[in-house]
Amino acid sequence: MLVREALRTLGLHWRPLYGLTLIVTALTTLAGGGIVTAGFLVSWGTFEEVRRSAEQNVADEDPIVAYIDGRMESLQEVGAVVTVLLLVVALVVLAVLHTAHAIAFDHTRNGGQGRMSIGELWARTRPHVGVAIRVEGRTWLRVGAVAFLGFALWAAVEAGAVPGVERTNVGETATMQYRIVGWGLPIAIAGLGLLVYFRHCVATAALVSESSSSKAAVRRSWALTRVAPWKTYGMGLFLAAAVVLVFVLLQYAAAPVAHPLGLAMLWLSGDNAYITGVLVLITPTAVALLLLPLVILPPVYAVVALLYRDLRALESGSRVTSAV
């Protein structure tokens with residue numbers, strides 16, 4: 001089985017791969033933590049205004065919604081900038097780790113002797129990182145474009161811009177048209193983005209093995225996965241389910257971390273419940289995302305590396321059969 005063989009091969013290189021992943025995770029924690037901290041510092045004054053407004057509104061017996069009135073836009077702008085910067089960091093992390101695993105498995109496939117050290121693995125990975133980042137960028141832009149179509153349809157339905165489909169308000173029973181066009185169809189369209197990602201999943205392995213450009217690697221991945229699309233989709237869905245499961249478990253495991261961080265934020269902010277609430281809310285997800293590369297990405301990328309090998313073998317076999 002592909003997964004069993006991938007785990008066995010991963011065991012041959014576990015020390016350099018997990019060592020490099022641990023270093024990348026530590027650097028990601030510093031970079032991501034710095035970005036989030038900067039976001040809180042920039043919005044600190046806004047949260048103070050929210051607290052003062054809330055206290056005044058409570059004294060005046062005004063509605064709770066007035067607490068954040070006029071300040072949500074500022075907080076959303078800061079959140080958007082932080083999100084974009086974190087996505088850039090994530091793109092670099094995925095490119096580095098994917099390339100490193102492709103290098104290690106290519107070393108084994110080509111009959112490389114001995115086990116690589118972390119330094120040797122990084123030395124072989126570093127020349128490919130720039131192109132690998134462009135490969136990841138091309139891949140996620142295509143995935144994002146497909147997912148955006150689903151979001152655009154949902155937004156159009158919510159805005160009442162789709163003829164024959166009326167938006168269902170909260171507390172009302174949704175019509176069948178609204179359920180299909182407003183929710184089912186956007187989710188289905190966005191889900192196609194996942195299939196697009198599966199078709200590009202071996203691009204980095206192709207980049208390493210064939211020393212190609214980013215554009216050529218993406219095209220090569222599309223051509224290879226066309227040889228056995230159902231095998232690609234099946235393995236992709238299996239790996240995606242594994243990643244989601246591990247992410248959910250890490251979220252639950254990280255939930256207790258939010259309590260001491262919340263207490264620290266209360267102390268730093270002078271008992272500002274609003275900025276503390278945001279920190280407590282994002283902490284489990286942030287910790288889960290930081291630990292995800294270390295926990296699940298090595299076996300995932302190991303399977304992808306062997307999937308690339310199998311797809312190349314199937315492609316060669318089909319060429320021989322066609323020639324005969």
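In this structure the side chain of Trp122 reaches within 4.5 angstrom of the side chain of Thr125, judged on heavy atoms. Put simply, the side chain of Phe238 reaches to within 4.5 Å of the side chain of Val3, judged on heavy atoms. Counting heavy atoms from C-beta on, the side chains of Thr232 and Arg226 never come closer than 4.5 Å. Contact annotation: the side chain of His107 approaches that of His13 to within less than 4.5 Å [non-hydrogen atoms, C-beta and beyond].
Within the structure, side-chain hydrogen bond (donor to acceptor under 3.5 Å, both in side chains) pairs that include any residue of residues 242-264 comprise Gln251-Thr285 (at least two apart or interchain).
Of the charged side-chain nitrogens involved, none lies within less than 4.0 Å of a carboxylate oxygen, so that Arg312 and Glu315 do not count as a salt-bridged pair. Taking the charged nitrogens against the carboxylate oxygens, Lys231 and Asp310 do have a contact shorter than 4.0 Å, which makes a salt bridge.
Two rings, from Trp154 and Phe151, have their centers less than 6.0 Å apart.
In summary, the side chains of Arg199 and Ser221 do not present any donor paired with an acceptor at a separation below 3.5 Å, with no hydrogens or angles considered. In summary, the side chains of His200 and Arg138 do not present any donor paired with an acceptor at a separation below 3.5 Å, with no hydrogens or angles considered.
Within 6.0 Å of the CZ atom in Arg219, the count of heavy atoms belonging to other residues, nucleotides or ligands does not exceed 12.
Under a 3.5 Å cut-off, the side chain of Ser209 and the backbone N or O of Ala206 do not form any donor-acceptor pair.
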